[in-house]
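Residue indices begin at 1 and follow the sequence shown.
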Amino acid sequence: MNDHAKFETTLEETDLSQIEFIKELKSGSEKAFGRLIEENQKKVYRIALSFVKNPTDAEDIAQEVFIRVYTSIGNFKGNSSLSTWIYKITYNLSLDFLKRNNKKLKTTKTLDDPEDTEILELSGDKFIPEKEFEDKELRKDIEQALKALPDEQRQLIELKDVHGFSYEEIIEITGLKEGTMKSKLNRARVSLRKSLQSKWNF
């Protein structure tokens, strides 16, 4: 069997495994639901935290997300991946929380997080050169610049450049059309770049 055939077989096995997993979830399997929580709880919490800032509120949202998933899994149609569907619920519940509490979207993500070394790839090339990215003052300025962005622009930066979602996933999560989403994201990146250009030579 050549490498291409092996790759196709692996994809088929992955798809079948996912289908069976979803069937187990829909049948009410506690084991399957436990696995779903284990595989997604960290990212669900981090997404919620990046929007609402308060750890306790983020934990409450994460708990609500999995309750919603448990009660709504029967409605999952498979038009997106299961994880994208879960993150869409997280996104919507986070925004609902902010609206209920009349709060602006906050930026909690700190650029010291070792898991976020890929942050802010704002063009085809690295927006922040690696050696400059290590500068604490630069990281602080980026955080402040993010906080100054309008909520929707900051949301898109968070989803794409902090959490690493693909364009397709962001479209699914936010409900924006492709052209609209890319245009808004580009404006957000331009605004962020301009706010940093006066001090940093990008």
Colleague: Give the intermediate values and the outcome of side chain to side chain contact (heavy atoms under 4.5 Å, CB included) for residues E168 and E172.
Modeller: CA-CA 6 Å; E168 292 76 14; E172 177 65 27; over 6 Å; no

Colleague: Please find the pair of heavy atoms, one from L176 and one from E152, that lie closest to each other, and give the distance.
Modeller: CD2-OE2, 4.4 Å

Colleague: If we only count heavy atoms from C-beta on, is the K23 to K26 side-chain gap below 4.5 Å?
Modeller: no

Colleague: Side chains of L36 and L82, heavy atoms from C-beta outward: is any pair under 4.5 Å?
Modeller: yes

Colleague: Could you check whether E64 pairs with R68 (Lys NZ or Arg NE/NH1/NH2 to Asp/Glu carboxylate O, under 4.0 Å)?
Modeller: yes

Colleague: Is the closest side-chain heavy-atom distance between F51 and F97 below 4.5 Å?
Modeller: no

Colleague: With clusters defined by side-chain heavy atoms of hydrophobic residues (ILVMFWY) lying less than 4.5 Å apart, directly or transitively, does Y70 cluster with I37?
Modeller: yes

Colleague: Counting only N and O atoms by type, is there a donor-acceptor contact under 3.5 Å from the side chain of T84 to the main-chain atoms of S80?
Modeller: no

Colleague: Does a sphere of radius 6.0 Å around CD in E178 hold more than 12 heavy atoms from other residues, nucleotides or ligands, not counting ones at 6.0 Å or beyond?
Modeller: no

Colleague: Near E24 CD, under 6.0 Å, is it more than 12 heavy atoms from other residues, nucleotides or ligands?
Modeller: yes

Colleague: Test T174 against F165 for side chain to side chain contact (heavy atoms under 4.5 Å, CB included), laying out the working first.
Modeller: CA-CA 11 Å; T174 63; F165 287 108; over 6 Å; no

Colleague: If every non-hydrogen atom of A188 is compared with every non-hydrogen atom of I157, which pair is closest and at what distance?
Modeller: CB-CG1, 3.9 Å

Colleague: Any pair with a residue in residues 29-41 that passes side-chain hydrogen bond (donor to acceptor under 3.5 Å, both in side chains), sequence neighbours left out, goes on the list, sorted by first then second residue, please.
Modeller: R35-E39, N40-Y87

Colleague: Tell me, with the steps shown, if E158 and H163 meet side chain to side chain contact (heavy atoms under 4.5 Å, CB included).
Modeller: CA-CA 6 Å; E158 289 275 357; H163 296 297; 3.9 Å; yes

Colleague: Enter the distance from I61:CD1 to I89:CD1 here, rounded to the nearest 0.5 Å.
Modeller: 13.5 Å

Colleague: Any idea which heavy atoms bring L192 and A145 closest together, and the distance?
Modeller: CD1-CB, 3.3 Å

Colleague: Which label fits F76 and W85: parallel for a plane angle under 30°, tilted from 30 to 60°, or perpendicular past 60°?
Modeller: tilted

Colleague: CD/Q155 to CG/L98 distance, rounded to the nearest 0.5 angstrom?
Modeller: 8.0 Å

Colleague: For the CD1 atom of I86 and the NZ atom of K43, what is their distance to the nearest 0.5 Å?
Modeller: 11.5 Å

Colleague: Regarding R187 and S183, is there a side-chain donor-to-acceptor distance under 3.5 Å anywhere?
Modeller: yes

Colleague: Within the structure provided, determine whether E169 and S166 are in side-chain contact (heavy-atom separation under 4.5 Å).
Modeller: yes

Colleague: Which salt bridge (charged side-chain N to carboxylate O under 4.0 Å, His left out) pairs, counting each pair once, include a residue from residues 74-87, with sequence neighbours left out?
Modeller: none

Colleague: Who are the ring pair (Phe, Tyr, Trp, His ring centres under 6.0 Å) partners of Y167, not counting sequence neighbours?
Modeller: none

Colleague: At their closest point, which heavy atom of Q153 faces which heavy atom of K184, and how far apart are they?
Modeller: CG-O, 4.5 Å

Colleague: Under a 4.5 Å cut-off applied to non-hydrogen side-chain atoms, are L159 and Y91 in contact?
Modeller: yes

Colleague: Report the distance from atom CG of D57 to atom CG of N101, rounding to the nearest 0.5 Å.
Modeller: 7.0 Å

Colleague: What is the distance from atom CZ of R154 to atom NZ of K147, rounded to the nearest 0.5 Å?
Modeller: 9.5 Å

Colleague: Do the non-hydrogen side-chain atoms of K177 and I171 ever get within less than 4.5 Å of each other?
Modeller: no

Colleague: Please check if the side chain of Q63 supplies one atom and the backbone of D60 the other of a donor-acceptor pair under 3.5 Å.
Modeller: no

Colleague: If you measure from OG on S27 to CD1 on I22, what distance do you get to the nearest 0.5 Å?
Modeller: 12.0 Å

Colleague: Under a 4.5 Å cut-off applied to non-hydrogen side-chain atoms, are T90 and Y45 in contact?
Modeller: no

Colleague: Below 4.5 Å, heavy atoms only, C-beta onward: do V162 and S50 meet side chain to side chain?
Modeller: no

Colleague: Are there more than 12 heavy atoms of other residues, nucleotides or ligands under 6.0 Å from atom NZ of K194?
Modeller: no

